[in-house]
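A short worksheet on the structure shown next.
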Amino acid sequence: MAPSGSRSVDCWRVLYWIPVLFISLIVAWSYYAYVAQLCIGKTGSIVYLLVYHVLFIMFVWSYWQTIFTKSMNPLKEFHLSHSDKELLEREDRRESQQEILRRIAKDLPIYTRTMSGAIRYCDLCLLLKPDRCHHCSACDMCILKMDHHCLWVNNCVGFANYKFFMLFLAYSLLYCLFVTATDFQYFIQFWTNGLPDTQAKFHIMFLFFAASMFSVSLAFLFAYHCWLVCKNRSTLEAFRAPAFQHGPDKNAFSLGTSKNFRQVFGDEKKYWLLPIFSSLGDGCLFPTCLVNADPEQPSSPSGRNPSIKSAGESHQFPPKPLRESQSRLLSNGQSEGSEDRDTRGTSNPALTIEKET
């Protein structure tokens with residue numbers, strides 16, 4: 001027999017799907033109201049139906065991807081070994097524990113710290129948190145580049161599905177705007193008694209109200225996340241800037257609008273509008289524009305941030321080869337930064353990528 005505690009957790013997890021069920025029912029009803037009650041039998045509705053179904057398919061596809069794309073686990077290099085776990089458990093003093101964590105983090109591309117300057121460690125997942133990674137209590141795991149936990153998709157929005165979430169917002173906004181615009185003339189006829197007295201008139205009225213209200217809320221939310229993409233920030237980072245050895249820096253991960261956009265949507269334009277994963281990187285390693293070197297990280301002979309290394313260096317991270325698009329993003333940023341240093345005569349050892357203007 002399962003313990004009562006696990007049964008209560010399972011019940012709560014079932015309740016988490018109520019917002020998703022609510023959205024699914026609203027979308028299903030909107031499809032019935034628009035197609036069956038508004039368009040079928042109307043002259044000139046073929047074009048409306050064609051555009052409507054394109055938006056509906058893209059909307060549902062991106063929503064599905066946002067819900068069921070789970071976060072990738074951090075690479076095994078960030079997890080503590082068995083010996084390190086035992087060593088950490090034997091230490092009672094916080095200072096000693098931090099010394100152990102600093103020794104482990106020295107060989108990892110970790111540059112963010114807690115607000116007090118300590119190493120970011122998750123004692124639930126037993127791992128050193130990669131930059132921009134946070135633990136989600138609802139998902140009970142660490143999420144790479146966590147943005148927020150969204151109740152409407154019952155999932156964490158992070159590195160693995162942030163592109164899908166952006167497309168979900170975009171297509172749902174276009175869907176609601178299209179329904180509102182094409183339903184407006186019938187909504188006017190409803191108030192002028194120009195519609196026949198059937199049940200269709202009530203579907204038309206409520207469809208207009210629902211689509212217009214969702215359009216307003218989605219427009220604000222989509223605009224906010226477009227701003228976050230351009231600044232290369234997550235929702236969490238917008239409220240609290242990531243802390244580094246030299247202190248908080250809200251623009252540390254910003255590489256310029258173009259590169260920030262490509263980090264989320266990728267280099268290949270043919271995939272930008274499709275809910276297919278094309279984001280750059282692996283979610284653990286992010287190029288930065290730090291203005292102060294981290295004294296705890298090993299220095300690089302070329303004067304670059306050690307989190308970005310060429311293929312010929314002895315210590316490479318991550319161990320698997322970078323994709324061509326990711327390598328191009330990093331290499332372009334390095335060349336731009338080196339050219340800028342040459343022209344201005346400066347020698348900042350931690351300036352890895354110059355921001356675009």
Side-chain angles (χ1 to χ4, degrees), residues 9 70-146 149 156 158-160 234 236-237 240-249 252-253 281-288 290 292-301 304-311 313-322 326 330 349-350 352:
V9 171
K70 299 302 179 182
S71 175
M72 307 172 186
N73 289 322
L75 299 178
K76 63 180 181 180
E77 283 79 4
F78 293 91
H79 290 266
L80 265 61
S81 64
H82 182 69
S83 58
D84 289 330
K85 291 178 186 177
E86 291 183 341
L87 187 60
L88 196 64
E89 291 172 354
R90 287 199 298 265
E91 292 291 345
D92 296 328
R93 295 186 302 121
R94 179 175 175 80
E95 295 77 8
S96 301
Q97 292 178 344
Q98 278 296 307
E99 283 296 328
I100 297 172
L101 295 177
R102 274 194 290 268
R103 174 181 57 80
I104 302 171
K106 184 173 61 175
D107 298 324
L108 296 174
I110 298 177
Y111 299 94
T112 53
R113 300 288 188 266
T114 64
M115 298 305 292
S116 61
I119 299 295
R120 299 171 66 243
Y121 173 71
C122 180
D123 52 6
L124 297 176
C125 299
L126 301 177
L127 59 83
L128 295 173
K129 293 181 182 178
D131 293 345
R132 317 184 81 176
C133 177
H134 299 273
H135 186 88
C136 176
S137 57
C139 296
D140 194 27
M141 64 180 297
C142 284
I143 307 297
L144 296 177
K145 194 188 176 185
M146 180 177 176
H149 184 86
C156 259
F159 173 77
S234 66
L236 295 177
E237 292 166 352
R240 186 173 66 181
F244 297 85
Q245 191 72 15
H246 64 277
D249 189 343
F253 296 108
D282 57 6
C284 296
L285 175 62
F286 295 95
T288 63
L290 298 177
N292 289 300
D294 189 341
E296 293 190 8
Q297 296 297 335
S299 60
S300 173
R304 292 174 297 157
N305 187 323
S307 67
I308 305 175
K309 295 178 179 286
S310 64
E313 296 182 36
S314 57
H315 178 72
Q316 301 179 28
F317 191 92
K320 58 185 179 182
L322 299 174
Q326 184 190 15
L330 300 183
T352 61

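Starting from 1, each residue takes its place in the sequence as its number.
Nearest heavy atom pair, residue Ala243 against residue Thr114, reads CB-O, 3.7 Å. Considering all non-hydrogen atoms of both residues, Met115 and Pro248 come closest at CE-CG, 3.9 Å.
Residues meeting the side-chain contact (heavy atoms from CB on, under 4.5 Å) test with Glu86, sequence neighbours left out: His82, Arg90. Partners of Glu99 according to the salt bridge (charged side-chain N to carboxylate O under 4.0 Å, His left out) rule, which considers only residues two or more places apart in sequence or in another chain, are Arg102.
Considering CG of Leu236 and CZ of Arg240, their distance stands at 8.0 Å, rounded to 0.5 Å. The distance from atom NZ of Lys106 to atom CD1 of Ile104, rounded to the nearest 0.5 Å, is 11.0 Å. The OG atom of Ser71 sits 4.5 Å away from atom CG of Leu144, with the distance rounded to the nearest 0.5 Å. For the atom pair OG1 (Thr112) and CD (Gln245), the distance works out to 11.0 Å, reported to the nearest 0.5 Å. The structure places SG of Cys284 at 8.5 Å from CD of Glu77, a figure rounded to the nearest 0.5 Å. The CZ atom of Arg120 sits 10.5 Å away from atom CZ of Phe78, with the distance rounded to the nearest 0.5 Å.
Residues Arg103 and Asp84 are paired through a salt bridge, judged by an N-O separation under 4.0 Å between the basic side chain and the carboxylate.
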Given the rule in the side-chain contact (heavy atoms from CB on, under 4.5 Å) test, do Leu88 and Leu101 qualify, once you have shown the distances and angles that lead to the verdict?
-> CA-CA 8 Å; Leu88 196 64; Leu101 295 177; 4.2 Å; yes
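Counting heavy atoms from C-beta outward, His149 and Cys139 have side chains that approach closer than 4.5 Å. In this structure, Met146 and Cys136 have side chains that are in contact, with non-hydrogen atoms separated by less than 4.5 Å. Counting heavy atoms from C-beta on, the side chains of Arg113 and Pro242 never come closer than 4.5 Å. Within the 4.5 Å cutoff, no side-chain heavy atoms of Ile143 are placed close to those of His135.
A cation-pi arrangement, defined by a distance under 6.0 Å to the six-membered ring centre and an angle within 45 degrees of its axis, is present between Arg132 and Phe253.
Glu237 contributes a side-chain N or O that, together with a main-chain N or O of Ser234, makes up a donor-acceptor pair within less than 3.5 Å.
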Quiz: residues 121-130 side-chain donor-acceptor pairs under 3.5 angstrom, not counting sequence neighbours:
none

